[in-house]
Amino acid sequence: MSYSDKVIDHYSNPRNVGSFDKKDNEVGTGIVGAPECGDVMKLQLKISSGVIEDAKFKTFGCGSAIASSSLATEWVKGKTIDEAFKIKNTEIVSELNLPPVKIHCSVLAEDAIKAAISDYKKKNEKE
Amino acid sequence: MKLPIFLDNHSTTPVDPRVMEVMLPYFTETFGNAASRNHSFGWEGEKGVATSREQIAQLIHCHPKEIIFTSGATESNNLALKGAAEMYREKGNHIITAVTEHKAILDTAKHLEKEGAVVTYLTVDRDGLIDLEALKAAITDKTILISIMHANNEVGVIQPIAEIGRIAKENGILFHCDATQGVGKLPVDVDAMGIDIMSFSAHKIYGPKGVGGLYVRKKNPRVRLAPIFDGGGHERGMRSGTLNVPGIVGLGMACEIAGKEMLEEAARMKRMRLKLQDHLMKELDEVYLNGHPEKRLPQNLNLSFAYVEGESLLMGLKEIALSSGSACTTASLEPSYVLRALGVGDDLAHSSIRFGLGRFTTDEEIDYVGERVVETVNRLREMSPLYEMAKEGIDLNTVKWTAH
């Protein structure tokens with residue numbers, strides 16, 4: 001299988017790899033996927049007054065999974081929670097030219113954004 | 001050292017220049033149909049084919065007339081199973097094979113099941129070996145064929161062929177061995193090993209693609225196989241079709257070279273394989289060997305690098321040709337069925353890489369590959385959430401994952 005140039009670029013120079021402190025109230029963490037399925041994404045968002053100021057990821061998965069999560073961190077930065085929540089996996093598919101067998105990677109990235117936002121919301125409801 | 005490096009010699013091998021040299025005249029000069037009995041072109045072709053039969057017979061210790069030429073091991077496996085099932089239908093309909101066999105065996109067995117055959121698929125232990133007691137227990141009075149591979153194409157595990165042959169003989173059952181990864185790499189003696197039918201291929205042993213063979217025993221017992229296709233009655237009526245003379249000549253030469261160089265080559269392969277394994281295990285933590293540590297092809301190293309997904313690892317090693325047991329490298333969504341059968345968890349199956357050394361692999365290449373794998377695994381672990389969690393002391397088996 002050959003990869004698109006964009007996938008190769010994100011794989012070779014992944015943006016925003018790393019972690020924030022999970023316990024920080026400004027941080028929402030989303031972990032999706034499963035090791036036995038071959039991909040796990042951890043996406044973390046640093047949110048201040050409803051705006052995503054920073055994002056970091058770590059991904060276990062194929063090149064397309066790494067690229068999808070790397071792209072997701074780029075896209076969410078500067079967006080409000082509501083805007084980020086609207087990011088669709090299909091937009092990731094077309095941006096990265098993912099083939100049909102790799103569509104699940106983009107779904108996972110969308111799920112990771114949503115999971116991170118709900119984690120943030122849940123954390124801040126309790127307060 | 002030249003890049004890219006080919007370290008996927010279980011999938012195929014380059015043609016040895018010595019093999020190509022003997023093949024060339026058969027394309028343009030001695031191009032006759034080996035079945036043409038009335039002119040010198042035909043005789044020359046027939047001579048080339050006869051030499052090849054001799055060369056193969058010498059390598060596997062059989063009579064030259066016991067060799068049937070085919071298009072490759074997939075066809076040989078099909079002919080062995082389908083041909084025996086049809087020919088011995090009166091005697092029984094039960095076949096015994098194993099779960100780690102190549103798809104050319106498993107899918108053929110499934111096809112036969114649809115036609116009324118009963119197939120037992122033996123499981124393997126953690127090392128990839130079948131249980132001989134389970135084999136004995138599976139035999140019924142309807143069993144006509146046992147089909148077990150010599151060496152596995154993914155994990156290199158070598159089955160106890162001589163013991164299986166003995167069990168087959170004691171029970172009056174035919175024994176077919178898919179020796180695609182064995183012939184030319186490991187010593188084979190069809191009599192000593194009790195093999196009645198055996199598949200092999202040229203392109204796995206530095207011969208050309210598109211040609212292979214099937215050993216079919218002529219005496220004690222005389223094995224007969226119903227042909228898959230009808231036609232001119234070539235190859236003792238078992239495989240009609242004009243012989244691929246250049247390919248057959250190449251296969252013969254590949255066998256001759258293998259016979260002469262096998263022992264030296266095996267020692268060299270094993271030394272390099274262990275060097276690579278030691279390098280990787282010394283530099284990286286949580287690297288697991290798949291398959292039996294000793295009973296394996298000298299050329300084969302199959303390792304799982306925990307917390308790193310196989311395809312992403314291959315992507316980082318794009319100048320090195322390797323293969324992974326991860327699902328992502330194939331169209332199917334499941335990881336290697338062979339690794340699963342060994343009890344390797346799906347997570348580690350997704351993290352597996354097969355290194356297939358070959359005749360032309362150099363020490364320099366092995367050192368380079370070792371360094372690049374270490375570098376890439378480290379890089380990917382740095383971005384692996386699983387590695388991070390494991391380092392934090394979280395037991396990944398207790399985490400509730402969102403399977404998808």
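When reading the values below, keep in mind they use all heavy atoms of this one structure, side chains included, and skip hydrogens, waters and symmetry mates. Throughout, protein chains are lettered first and strands after them, A, B, ... in sequence-line order, and every chain is numbered starting at 1.
Counting heavy-atom pairs closer than 4.5 Å to chain A, the top-ranked of the candidates Leu396(B), Leu380(B), Val399(B) is Leu380(B). Of the listed residues (Pro100(A), Ser69(A), Gly61(A), Ala65(A)), the greatest number of heavy-atom pairs within a distance under 4.5 Å of chain B belongs to Gly61(A).
Taking the ring axis of Tyr387(B) as reference, the NZ or CZ atom of Lys58(A) does not stay both within 45° of it and closer than 6.0 Å to the ring centre.
Counting heavy atoms from C-beta on, the side chains of Glu388(B) and Lys42(A) come closer than 4.5 Å. Side-chain atoms of Arg354(B) and Asn300(B), non-hydrogen and from C-beta on, do get closer than 4.5 Å to each other.
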**Study point:** Residue pair Lys77(A), Asn16(A): steps toward the side-chain hydrogen bond (donor to acceptor under 3.5 Å, both in side chains) verdict
**Key:** CA-CA 10 Å; Lys77(A) 272 199 215 178; Asn16(A) 311 308; 2.9 Å; yes

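Not counting sequence neighbours, the partners of Asp346(B) by the side-chain hydrogen bond (donor to acceptor under 3.5 Å, both in side chains) test are Arg340(B).
Environment of CG in Asp395(B): crowded, with over 12 heavy atoms of neighbouring residues, nucleotides or ligands closer than 6.0 Å. Taking a 6.0 Å sphere around NZ of Lys22(A), one finds it holds 12 or fewer heavy atoms contributed by other residues, nucleotides or ligands.
If you measure heavy-atom distances from Ser64(A) to chain B, you find no contacts under 4.5 Å at all. Only the side chain of Pro14(A) comes within contact range of chain B, with at least one heavy atom under 4.5 Å from a heavy atom of that chain.
Along residues 46-57 of chain A, no residue comes nearer than 4.5 angstrom to chain B, judged on non-hydrogen atoms.
Aromatic ring centres of Tyr206(B) and Phe360(B): separated by under 6.0 Å.
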